[in-house]
A.B. asks: 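Have a look at the structure that comes next, please.
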Number of protein chains: 2
Amino acid sequence: MATKISQRPKPTLAMVARQAGVSAPTVSKVVNGREDVSAETRARVLAALEQAGYQSPLQRRSAAETGTVVEVVIDVLDSAYMIEVLNGILQFAAAADVEILVSVTGPALSNLRSPERRAQRMLDEGRAGMIVVTSAFSEAQLQAFRRRKIPVVVIDPLNPPSADVVSVGATNWAGGKAATEHLLDLGHRRIAYIGGIEKAECNQARLHGYMAALMARGITVDPRYIISGGRFRRESGVAGLQALLQLDQLPSAIFAASDAIAMGVLAEAGRHGIRVPEDISLIGFDGTRQGEESVPSLSSVAQPLEEMGRAALRSLLRQARGEILDSHRVELATQLIVRGSTAAPAS
Amino acid sequence: MATKISQRPKPTLAMVARQAGVSAPTVSKVVNGREDVSAETRARVLAALEQAGYQSPLQRRSAAETGTVVEVVIDVLDSAYMIEVLNGILQFAAAADVEILVSVTGPALSNLRSPERRAQRMLDEGRAGMIVVTSAFSEAQLQAFRRRKIPVVVIDPLNPPSADVVSVGATNWAGGKAATEHLLDLGHRRIAYIGGIEKAECNQARLHGYMAALMARGITVDPRYIISGGRFRRESGVAGLQALLQLDQLPSAIFAASDAIAMGVLAEAGRHGIRVPEDISLIGFDGTRQGEESVPSLSSVAQPLEEMGRAALRSLLRQARGEILDSHRVELATQLIVRGSTAAPAS
DNA sequence: CTGAAAGCGCTTACAG
DNA sequence: CTGAAAGCGCTTACAG
């Protein structure tokens, strides 16, 4: 697929040696990482190697015969979000004849230990690049990949990624604003926000979209109605509603930062005899099938999750092919989906 | 991991040539698959090659430096079942330092085209083996792998696999029986079965467990209460309940062959104002989180899905290591989980 | 169809 | 630390 076909005769050690003004054995030593070469000579040889585009016979065979393999790193495969993203990646991969290596790091993100070794290994194995889904990535980790020119794409980065990493996401701010405006349009004034991972970029954007919508209508943001510090999971919805129940006045509507959180709210509401949408309106974020199938079916802001997976892979393959990217941030549109969990307030 | 370290000096072309009583160039031709060698000579060289365990330098490098890679083939990643199985595989892989290549074939199982090429490619790339999840596998396909001695493990095979393929599954017959007995114990006599893929082994086993339970209590199996021919998906539950609604008497309980089917039944029941469990009892199969979180929470027969994934990978790695297996069928226990969707019949 | 001879690309052992 | 020389493993071109 992404094979660069050069018409010039493949460069040999001897050619590189001539170019660098040294002997073939010396080049051989540099290629094999042996110690007995002066730093100065090594630098010169390295430059010539790079310039000639030299590949050892072994590398050549990998490049020629090995298919394109892309690594995908996720924390755990247990949310509808993750599944749809992965599905998008896998389906595009099948169409593009690319292979996908999936690895889970577990919730402890630091499990991606010794990034240097991992990056080197990816280089040795001729892997085309790496897609990271929602995991935090430290600068040190990214540098290991950058130095080896291994392309990395991050979907919904937790921390704002550095300039030379492509990130893929949705229009979270606009989506958060649309969800809140929908509730406002229905007549709600007391609207709560139950967030996911606090420092995650997408959470921040959704929260600020929510605040922007309120402020545009002249409604003061009540900090007690902003619940944060959880994950994008069901448990956060359960805990979030419990926290709201402590207040002397319950909000009339809740904007949950993910469908999973909303499902938690829904379950906990049922446990307290609170009806949705009669007693409280509820809107989620993600637009997963899970929300569509719940009772009542969940209003939500849909993210094109499969498309985000495809976009990430597409961008990665472009980079691997050496194409120049038009953007370092791919942002796909969200869409408000009104279903059964939102209605006008009771009073 | 599974590297066989041989102490004898690595065999060279020249050694093999001496062994076969031919020249080095001739062996070279055979190794490179060139045509201009007599069949007889080729056979002799091939034998010597095999006997000496000759590997080209390229093969040698793959064997030495490449980690263990296992391929996993699924149709689509869209059911809770598939996700839990895959999660089990991925988590065990992370612990065992094995890499997992996931590919989706799409619902058209035949997409696994040209098995010969695929098997050859796996051999060339040094892949340790392949895990197939619920996809049908033809004899011709299996043979391509068998001839190359590439281990294959099938999780929940659709067709009974041939003797030299290891299959992994749960105690489906016992589980089907347990589900039905639970309904019988509650006092139900009119119990329907809504099945998944009809010819799938696991579906057959669940159905026969259901029939066995009925017959053991002297209840005649009513063929109109057996709905089959769908897939293990939500849609089958929707269609299944619709079919049952056509009968002049609705059953008082339904055993659905998967949680996804049960969720479809639940949604469709809601649409018809049929309450679960007041009007009809419902039990699923799989024990997924999805069923646990539904309203009412779903009684089910839990399969250890993650454990099935782990067991498949464990068995595959054993085979790749050349160990002898104690069983060609790994069968893990199911467990009846009684939750809110089953109760005594109304009358 | 076979193999002696030449050659290719790389590595090794070692003299300087 | 460098490279001329020898060597290794494989392949190619071609005579028989």
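These numbers come from the heavy atoms of this one structure, side chains and all, not from hydrogens, waters or symmetry mates. Every chain is numbered from 1 and lettered A, B, ... according to where its sequence line falls, protein lines coming before strand lines.
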A.B. asks: At under 4.0 Å between heavy atoms, what does B:V22 touch on the DNA or RNA strands: base, sugar-phosphate, or nothing?
C.D. replies: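 Sugar-phosphate contact only - B:V22 comes under 4.0 Å of backbone atoms but never of a base.
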A.B. asks: Shortest non-hydrogen contact from A:V152 to A:L316?
C.D. replies: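 Closest heavy-atom pair between A:V152 and A:L316: N-CD1, 4.1 Å.
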A.B. asks: Could you give the distance separating D:dG3 and D:dG7 at their C1' atoms, to the nearest angstrom?
C.D. replies: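 That atom pair is separated by 16 Å.
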A.B. asks: Only one of A:V132, A:V166, A:I131, A:V330 forms a side chain to side chain contact (heavy atoms under 4.5 Å, CB included) with A:I155, so which one is it?
C.D. replies: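 Between A:I155 and the candidates, side chain to side chain contact (heavy atoms under 4.5 Å, CB included) is satisfied uniquely by A:I131.
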A.B. asks: Determine: side-chain N/O of B:S28 to OP1/OP2 of D:dT12, distance under 4.0 Å, yes or no.
C.D. replies: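 So the side chain of B:S28 is outside the cut-off, no N or O lying under 4.0 Å from OP1 or OP2 of D:dT12.
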A.B. asks: For DNA chain C, whose closest nucleotide is more 5', that of B:E40 or that of A:V27?
C.D. replies: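 Counting from the 5' end, the first nearest nucleotide belongs to B:E40.
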A.B. asks: In whole angstrom, give the distance that lies between atom CG of B:L13 and atom P of D:dG9.
C.D. replies: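 Taking CG of B:L13 and P of D:dG9, I get 10 Å after rounding.
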A.B. asks: As a test of reading the structure: which of C:dC10, D:dC10, C:dT2 is closest to the side chain of B:T26, going by heavy atoms?
C.D. replies: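 Minimum distance to the B:T26 side chain belongs to C:dT2.
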A.B. asks: For DNA chain C, which consecutive runs of 3 or more Watson-Crick or G-U pairs (each distance under 3.5 Å) count as stems?
C.D. replies: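 Paired runs of 3+ in DNA chain C: C:1-3 with D:14-16, C:5-12 with D:5-12, C:14-16 with D:1-3.
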A.B. asks: Determine, for A:E99 against A:R127, whether the closest basic-nitrogen to carboxylate-oxygen distance falls under 4.0 angstrom.
C.D. replies: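 Salt bridge between A:E99 and A:R127, a charged N being under 4.0 Å from a carboxylate O: no.
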A.B. asks: Quick check: on DNA chain D, is the nucleotide nearest B:K29 upstream (toward 5') of the one nearest A:G21, or the reverse? Name the residue that is more 5'.
C.D. replies: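 Counting from the 5' end, the first nearest nucleotide belongs to A:G21.
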A.B. asks: Let's go through A:R121 and A:E71 carefully: what are the C-alpha distance in whole Å and the side-chain angles of both, what is the deciding distance for salt bridge (charged side-chain N to carboxylate O under 4.0 Å, His left out) to 0.1 Å, and is it a yes or a no?
C.D. replies: CA-CA 12 Å; A:R121 167 118 187 234; A:E71 302 203 5; over 6 Å; no
A.B. asks: Quick one: which of C:dT2, C:dG3, D:dG3 gets closest to the side chain of A:P25?
C.D. replies: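 That would be D:dG3.
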A.B. asks: Does any N or O in the side chain of B:R44 come within less than 3.5 Å of the main-chain N or O of B:E40, such that one atom is a donor and the other an acceptor?
C.D. replies: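 Side chain of B:R44 to backbone of B:E40, a donor-acceptor pair under 3.5 Å: no, none is there.
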A.B. asks: Answer yes or no: is there a donor N or O on one side and an acceptor on the other, between the side chain of B:D156 and the main chain of B:T134, under 3.5 Å?
C.D. replies: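 Checking the backbone N and O of B:T134 against the side chain of B:D156, no donor-acceptor pair under 3.5 Å is found.
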A.B. asks: Just how far, in rounded Å, is P of D:dA13 from CG of B:D36?
C.D. replies: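 Computing the B:D36:CG to D:dA13:P distance gives 12 Å.
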A.B. asks: Return the nearest nucleotide to the side chain of A:T12; candidates are D:dT11, C:dC10, C:dT2.
C.D. replies: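 Nearest listed nucleotide: C:dC10.
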A.B. asks: Indicate whether OP1 or OP2 belonging to C:dA4 is found under 4.0 Å from a side-chain N or O atom of B:S23.
C.D. replies: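 No, because none of the side-chain N or O atoms of B:S23 sits under 4.0 Å from OP1 or OP2 of C:dA4.
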A.B. asks: Considering only D:dG3, D:dC1, C:dC1, which nucleotide approaches the side chain of B:T41 most closely?
C.D. replies: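 It is C:dC1.
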A.B. asks: May I have the distance from B:R44 (atom CZ) to C:dG3 (atom P), rounded to whole angstrom?
C.D. replies: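 B:R44 atom CZ is separated from C:dG3 atom P by 8 Å.
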A.B. asks: Checking the side chain of B:R310 only, and the main-chain atoms of B:I89 only, is there a donor and an acceptor separated by less than 3.5 Å?
C.D. replies: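 Side chain of B:R310 to backbone of B:I89: no pair is present.
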A.B. asks: I want to verify a distance call: between C:dT2, C:dC10, D:dC10, whose nearest atom is closest to the B:Y54 side chain?
C.D. replies: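 That would be D:dC10.
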